[in-house]
Q: 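Structure in structure tokens, see below.
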Amino acid sequence: MERVDRLHAAALLRQARRRPSVSEAAGRAHVTVSTATSHCDRLARSGLLRRLRHGREVRLCLTDDGAALLDLPA
């Protein structure tokens, strides 16, 4: 994964603390919804976030592993 892609994925992971929709997280991370979806797919496969469906809307939620990763010291 390229450096820019990793930065976008990290930004989306940070946004997941707020349980945003994918489109909300994309807007806050300054990426397109399709880019956000692609990164969220990878983060979900890695066990760092989950998707929660609420009717037609999909919300992002950190897993315990995702939260622990964000809490690591820099």
Side-chain angles (χ1 to χ4, degrees):
M1 191 184 305
E2 291 182 33
R3 183 174 190 273
V4 171
D5 286 343
R6 288 192 306 259
L7 293 173
H8 289 157
L12 290 166
L13 194 60
R14 283 192 303 275
Q15 291 302 319
R17 286 185 189 262
R18 298 180 177 152
R19 292 190 180 216
S21 67
V22 174
S23 60
E24 290 169 346
R28 289 184 185 134
H30 305 290
V31 297
T32 64
V33 173
S34 61
T35 296
T37 299
S38 175
H39 288 311
C40 289
D41 288 344
R42 288 186 206 152
L43 292 167
R45 280 194 306 269
S46 298
L48 300 174
L49 72 83
R50 292 182 296 137
R51 291 184 176 96
L52 303 173
R53 181 166 290 280
H54 292 278
R56 295 177 53 194
E57 186 173 70
V58 176
R59 295 247 168 217
L60 303 176
C61 177
L62 280 179
T63 63
D64 290 341
D65 288 343
L69 181 64
L70 290 178
D71 291 336
L72 288 174

Q: Can you name the nearest heavy-atom pair linking Ala36 to Leu12, along with the distance?
A: CA-CD1, 3.6 Å

Q: If hydrophobic clusters are built by linking Ile, Leu, Val, Met, Phe, Trp and Tyr wherever their side-chain heavy atoms come under 4.5 Å apart, do Leu52 and Leu49 end up in the same one?
A: no

Q: Heavy-atom count around Arg17 CZ within 6.0 Å, excluding the residue itself: above 12?
A: yes

Q: What are the two closest non-hydrogen atoms of Ala9 and His39, and how far apart are they?
A: CB-ND1, 4.1 Å

Q: May I have all residue pairs that pass side-chain hydrogen bond (donor to acceptor under 3.5 Å, both in side chains) and include part of residues 44-53, sequence neighbours excluded?
A: Asp41-Arg51

Q: Can you measure from CG (Leu62) to CZ (Arg18) and round to the nearest 0.5 angstrom?
A: 11.5 Å

Q: Determine whether a donor-acceptor pair (N or O, by modelled atom type, separation under 3.5 Å) exists between the side chain of Thr37 and the backbone of Val33.
A: yes

Q: To check you understand the geometry: which heavy-atom pair defines the closest contact between Ala26 and Thr32, and what is its length?
A: CB-O, 3.8 Å

Q: Measure across Gln15 and Pro20 and return the closest heavy-atom pair with its distance rounded to 0.1 Å.
A: O-CD, 3.1 Å

Q: Could you give all pairs that pass the side-chain hydrogen bond (donor to acceptor under 3.5 Å, both in side chains) test and reach residues 57-70, with sequence neighbours left out?
A: Glu24-Arg59, Glu57-Arg59

